[in-house]
Peer 1: 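One structure, as structure tokens, below. Some questions next.
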Amino acid sequence: MSKRLIFGFVSAILLQSSYASNVFNVSSHEIMLESGTYHYYYIKNSNKNTDPMILLTGYATTSNFWSKKFISCLSQKHDLYLLDYKGINQKISNNTSPKSSIQDMAQSVNKFAYAMNLESATLMGWSMGGAVALNASFLNLHYKHLYLLAPVVPTKSSERLLYTKPVLSKFTPDDIYDYVFNNNIYHYESMNRGKLANQFIESSLTNLFPSGEFISAQRKAIDTWIENDDVADKFEHSKIPVTFILPDDDAIINQKIASKAISKYKNKTVIHLKDVGHAIAFQDPDQVCKIIK
């Protein structure tokens, strides 16, 4: 594959979405590059010469957090690489440090893209993954397009982009699922817990979240990146086309502040969706998939 690919591990699993009629093959890979070990899922489109897309997940989640229904739909348009950040969601033993920054994660994405010959791929980033995708595009001008779903964006101000959420106090599986869905799904009802949990690529709690050390490092990375003047300047001068898909009922990101920052991005398309929460592709996968070209 690439001269920078040092070691690879792959296992194939077959998934069928409960909400879609088609079956799609998901292969789980781990590769060791000079910069570290990376896990990703690969979904091959049946058509030849299909454009590749790298998907970057959000804060405190692994690549298992993507919706099967959304991935099933998207895989009919693109070859998909659901990438985990360095050291997360992997079986190969390593000593990756959880210390990181958005810039570090972005550089890792670009190293992965280079190793896989995906420098001109389309990037999709959700939440924190939107910040990572943006920063990756600042460093690599060859990406074809960015689709950013409820993204973290640089505000260059002291206004709080992220809402403060209460700390989880109960830790039964049902409590954890309810906490996640309450924060990410608009008008969530616990009676839908099982149906929603079944949408995850892998729904067991041990596969959905990175370790607490990685989560803490990611939160610090987000806070630092949001207020970085140099990042804001690159954001305002970037020429890569971006489609921003924003939920009107986001309980994680203040979309009024986000929209103010997004208005400064030049080459953009902005789409607002009603009656969906922060996990926009999870709650309304059909509508989001229709937007993606």
Peer 1: Quick one: does Ser137's side chain have a donor or acceptor within less than 3.5 Å of a partner on Leu134's backbone?
Peer 2: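 Confirmed, Ser137 side chain pairs with Leu134 backbone.
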Peer 1: Under 6.0 Å between ring centres: does that hold for Tyr81 and Tyr41?
Peer 2: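 No, they do not, as the ring centres are separated by 6.0 Å or more.
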Peer 1: Can Val231 and Gln103 be said to form a side-chain contact (heavy atoms from CB on, under 4.5 Å), step by step?
Peer 2: CA-CA 10 Å; Val231 169; Gln103 289 87 344; 3.7 Å; yes
Peer 1: If you round to the nearest 0.5 Å, how far is CD1 of Ile292 from NZ of Lys77?
Peer 2: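 The NZ atom of Lys77 sits 7.0 Å away from the CD1 atom of Ile292.
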Peer 1: With side-chain contact (heavy atoms from CB on, under 4.5 Å) as the criterion, how do Ser101 and Trp225 come out once you've worked through the C-alpha distance, each side chain's angles and the decisive distance to 0.1 Å?
Peer 2: CA-CA 8 Å; Ser101 66; Trp225 188 85; over 6 Å; no
Peer 1: Please answer whether the main-chain N or O of Lys256 pairs with a side-chain N or O of Ser259 as donor and acceptor at a distance below 3.5 Å.
Peer 2: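 Checking the backbone N and O of Lys256 against the side chain of Ser259, no donor-acceptor pair under 3.5 Å is found.
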Peer 1: Do you know the tightest heavy-atom contact between Gly58 and Gln218?
Peer 2: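 So the minimum-distance heavy-atom pair works out to O-OE1, 4.4 Å.
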Peer 1: Looking at side-chain heavy atoms only, is the closest gap between Asn198 and Lys68 below 4.5 Å?
Peer 2: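 Heavy-atom side-chain distance check passes, below 4.5 Å.
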Peer 1: Quick check: closest heavy atoms across Pro173 and Leu205, and the distance to 0.1 Å?
Peer 2: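 Answer, listing the atom of Pro173 first, then Leu205: CA-CD1, 3.6 Å.
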Peer 1: Are the side chain of Ser216 and the backbone of Gly212 linked by a donor-acceptor contact shorter than 3.5 Å?
Peer 2: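 No, Ser216 side chain to Gly212 backbone: no donor-acceptor pair under 3.5 Å.
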Peer 1: Could you give all pairs that pass the salt bridge (charged side-chain N to carboxylate O under 4.0 Å, His left out) test and reach residues 263-290, with sequence neighbours left out?
Peer 2: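 Sorted result for residues 263-290: Lys69-Asp286.
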Peer 1: Taking side-chain contact (heavy atoms from CB on, under 4.5 Å) as the definition, give me every residue that meets it alongside Thr172, ordered by chain and number, with sequence neighbours left out.
Peer 2: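 In terms of side-chain contact (heavy atoms from CB on, under 4.5 Å), with neighbours along the sequence ignored, Thr172 is linked to Asp174, Asp175.
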Peer 1: Has Lys165 got a side-chain atom pairing as donor or acceptor with Ala251's backbone, closer than 3.5 angstrom?
Peer 2: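 Yes; at least one donor-acceptor contact below 3.5 Å.
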Peer 1: Where do Lys86 and Gly36 come nearest, in terms of heavy atoms and distance?
Peer 2: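 Looks like CD-CA, 3.8 Å.
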Peer 1: Are Leu148 and Val153 close enough, and set up right, to give a side-chain contact (heavy atoms from CB on, under 4.5 Å), and what steps lead you there?
Peer 2: CA-CA 10 Å; Leu148 305 184; Val153 291; 5.7 Å; no
Peer 1: Sequence neighbours left out, what passes side-chain hydrogen bond (donor to acceptor under 3.5 Å, both in side chains) with Arg219? Give chain and number order.
Peer 2: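 With neighbours one apart ignored, the set is Asp223.
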Peer 1: What distance separates Asp250 CG from Gln255 CD, expressed to the nearest 0.5 Å?
Peer 2: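 That separation rounds to 4.5 Å.
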Peer 1: Enumerate the disulfide (SG to SG under 2.5 Å) contacts for residues 203-248, please, sequence neighbours excluded, ordered by first and then second residue.
Peer 2: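 Sorted pair list comes back empty.
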Peer 1: Is there a donor-acceptor pair under 3.5 Å between the side chain of Gln283 and the backbone N or O of Gly277?
Peer 2: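 Checked: pair present.
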Peer 1: How would you list all residue pairs meeting side chain to side chain donor-acceptor pair (under 3.5 Å) that involve residues 179-192, not counting sequence neighbours?
Peer 2: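 Listed once each, the pairs are Asp178-Tyr188.
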Peer 1: So, using side-chain contact (heavy atoms from CB on, under 4.5 Å) as the criterion, who are the partners of Thr155 when residues are at least two apart?
Peer 2: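 Expected list: Ser157, Leu161, Ile226, Ile257.
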Peer 1: Applying side-chain contact (heavy atoms from CB on, under 4.5 Å) to Trp66 and Thr61, what does each step give before you reach the verdict?
Peer 2: CA-CA 9 Å; Trp66 292 103; Thr61 66; over 6 Å; no
Peer 1: When rounded to the nearest 0.5 angstrom, what distance separates CG in Asp229 from NZ in Lys156?
Peer 2: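 Asp229 atom CG to Lys156 atom NZ measures 5.5 Å (nearest 0.5 Å).
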Peer 1: Quick one: salt bridge (Lys or Arg N to Asp or Glu O under 4.0 Å) partners of Asp233, sequence neighbours excluded?
Peer 2: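 Once residues adjacent in sequence are excluded, Asp233 has no partner under the salt bridge (Lys or Arg N to Asp or Glu O under 4.0 Å) criterion.
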Peer 1: Is there a path of hydrophobic side-chain contacts, each under 4.5 Å between heavy atoms, that joins Tyr163 and Ile262?
Peer 2: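 As far as the 4.5 Å side-chain criterion goes, Ile262 and Tyr163 are not connected within one cluster.
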Peer 1: Assess the residue pair Phe214 and Tyr85 against the criterion (ring pair (Phe, Tyr, Trp, His ring centres under 6.0 Å)); give the C-alpha distance rounded to whole Å, side-chain angles, the decisive distance to 0.1 Å, and a yes or no.
Peer 2: CA-CA 10 Å; Phe214 277 104; Tyr85 305 112; 9.7 Å; no
Peer 1: For the backbone of Ile201 and the side chain of Asn64, can you confirm whether one donor and one acceptor N or O come within less than 3.5 Å of each other?
Peer 2: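 Pair absent, no side-chain N/O of Asn64 close to backbone of Ile201.
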Peer 1: Determine whether Phe181 and Phe171 fall in the same hydrophobic cluster, where Ile, Leu, Val, Met, Phe, Trp and Tyr are linked whenever their side-chain heavy atoms lie under 4.5 Å apart.
Peer 2: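 Looking at the clustering, Phe171 is in the same group as Phe181.
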Peer 1: Hey, what do you get for CZ (Phe200) to OG1 (Thr62), rounding to the nearest 0.5 Å?
Peer 2: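 Phe200 CZ to Thr62 OG1: 9.0 Å, rounded to 0.5 Å.
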Peer 1: In the structure I gave you, are the side-chain heavy atoms of Thr243 and Lys293 within less than 4.5 Å of one another anywhere?
Peer 2: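 No, their side chains stay 4.5 Å or more apart.
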Peer 1: Is there a side-chain contact between Pro247 and Leu273 in this structure, where contact means two heavy atoms from C-beta onward sitting under 4.5 Å apart?
Peer 2: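 No, side chains not in contact.
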Peer 1: Does Asp248 have any salt bridge (Lys or Arg N to Asp or Glu O under 4.0 Å) partners at least two apart in sequence or in another chain, and if so, which?
Peer 2: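 Asp248 satisfies salt bridge (Lys or Arg N to Asp or Glu O under 4.0 Å) with no residue once adjacent residues are dropped.
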Peer 1: Quick one: which residue pairs count as a ring-ring contact (aromatic ring centres under 6.0 Å, His included) with a foot in residues 136-157, not counting sequence neighbours?
Peer 2: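 ring-ring contact (aromatic ring centres under 6.0 Å, His included) check on residues 136-157 returns His145-Tyr147.
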Peer 1: Nearest 0.5 Å please: distance from the CG atom of Asn140 over to the CG atom of Leu118.
Peer 2: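 Here the rounded value is 10.5 Å.
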Peer 1: Verify, without hydrogens or angle tests, whether Thr224 (side chain) and Ala221 (backbone) share a donor-acceptor contact under 3.5 angstrom.
Peer 2: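 No, because the side chain of Thr224 does not come within donor-acceptor range (under 3.5 Å) of the backbone of Ala221.
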Peer 1: Can you run down the disulfide (SG to SG under 2.5 Å) pairs that involve residues 177-277, sequence neighbours left out, and say none if there aren't any?
Peer 2: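 Matches after skipping sequence neighbours: none remain.
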Peer 1: Verify the ring-centre separation between Tyr40 and Phe112: is it less than 6.0 angstrom?
Peer 2: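 Yes, the ring centres sit under 6.0 Å apart.
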Peer 1: Would you check if Met128 and Ile102 make a side-chain contact, meaning some heavy-atom pair closer than 4.5 Å?
Peer 2: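 With C-beta onward as the side chain, the pair touches.
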Peer 1: Would you say that Glu202 contacts Asn89 through its side chain, given a criterion of any heavy-atom pair below 4.5 Å between the two side chains?
Peer 2: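 Glu202 vs Asn89: side chains apart.
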Peer 1: Is it the case that the side chain of Asp84 and the backbone of Ser63 share a donor-acceptor pair, with hydrogens and angles ignored and the cut-off at 3.5 Å?
Peer 2: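 Looks like yes, one N/O pair under 3.5 Å.
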Peer 1: Which pairs pass disulfide (SG to SG under 2.5 Å) with one or both residues in residues 260-293, sequence neighbours excluded?
Peer 2: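 Found Cys73-Cys289.
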Peer 1: Do Ile31 and Met116 come close enough that some side-chain heavy atom pair is under 4.5 Å?
Peer 2: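 Yes - at least one pair of side-chain heavy atoms lies under 4.5 Å apart.
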Peer 1: Check the hydrophobic clustering (I, L, V, M, F, W, Y; side-chain heavy atoms under 4.5 Å; chains of links allowed) and say if Ile54 and Leu139 are grouped together.
Peer 2: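 No; tracing contacts between hydrophobic side chains, which count when under 4.5 Å, never links both residues.
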Peer 1: What's the shortest heavy-atom distance between Ala197 and Tyr177, and which atoms?
Peer 2: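 Scanning both residues, the minimum pair turns out to be CB-CE2, 4.0 Å.
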Peer 1: Donor-acceptor pair, Asn45 side chain versus Gln76 backbone, under 3.5 Å?
Peer 2: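 Side chain of Asn45 to backbone of Gln76: a pair is present.
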Peer 1: Might you point out which heavy atoms bring His78 and Thr50 nearest each other, and give the distance in Å?
Peer 2: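 Looks like CA-CG2, 3.3 Å.
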Peer 1: Quick check for you: to the nearest 0.5 Å, what is the distance between Ile222 atom CD1 and Leu162 atom CG?
Peer 2: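 Separation between the atoms: 6.5 Å.
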Peer 1: May I ask you to decide if Leu82's main-chain N or O and His39's side chain share a donor-acceptor pair within less than 3.5 Å?
Peer 2: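 Not confirmed, His39 side chain does not pair with Leu82 backbone.
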Peer 1: Do Val180 and Leu208 have side-chain heavy atoms sitting under 4.5 Å apart?
Peer 2: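 Counting from C-beta outward, Val180 and Leu208 never come under 4.5 Å.
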Peer 1: Please tell me whether Phe282 and Phe70 form a close aromatic pair, meaning their ring centres lie under 6.0 Å apart.
Peer 2: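 No, ring centres 6.0 Å or more apart.
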Peer 1: Any heavy-atom pair between the side chains of Ile252 and Tyr59 that's under 4.5 Å?
Peer 2: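 Result no, sub-4.5 Å side-chain heavy-atom pair not found.
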Peer 1: Not counting sequence neighbours, list each pair that qualifies as a side chain to side chain donor-acceptor pair (under 3.5 Å) and has a residue in residues 121-131.
Peer 2: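 For residues 121-131: Ser127-His278.
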Peer 1: Sort out for me which residue in Leu246, Leu146, Val242, Val132 forms a side chain to side chain contact (heavy atoms under 4.5 Å, CB included) with Pro151.
Peer 2: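 Of Leu246, Leu146, Val242, Val132, side chain to side chain contact (heavy atoms under 4.5 Å, CB included) with Pro151 is met by Leu246 alone.
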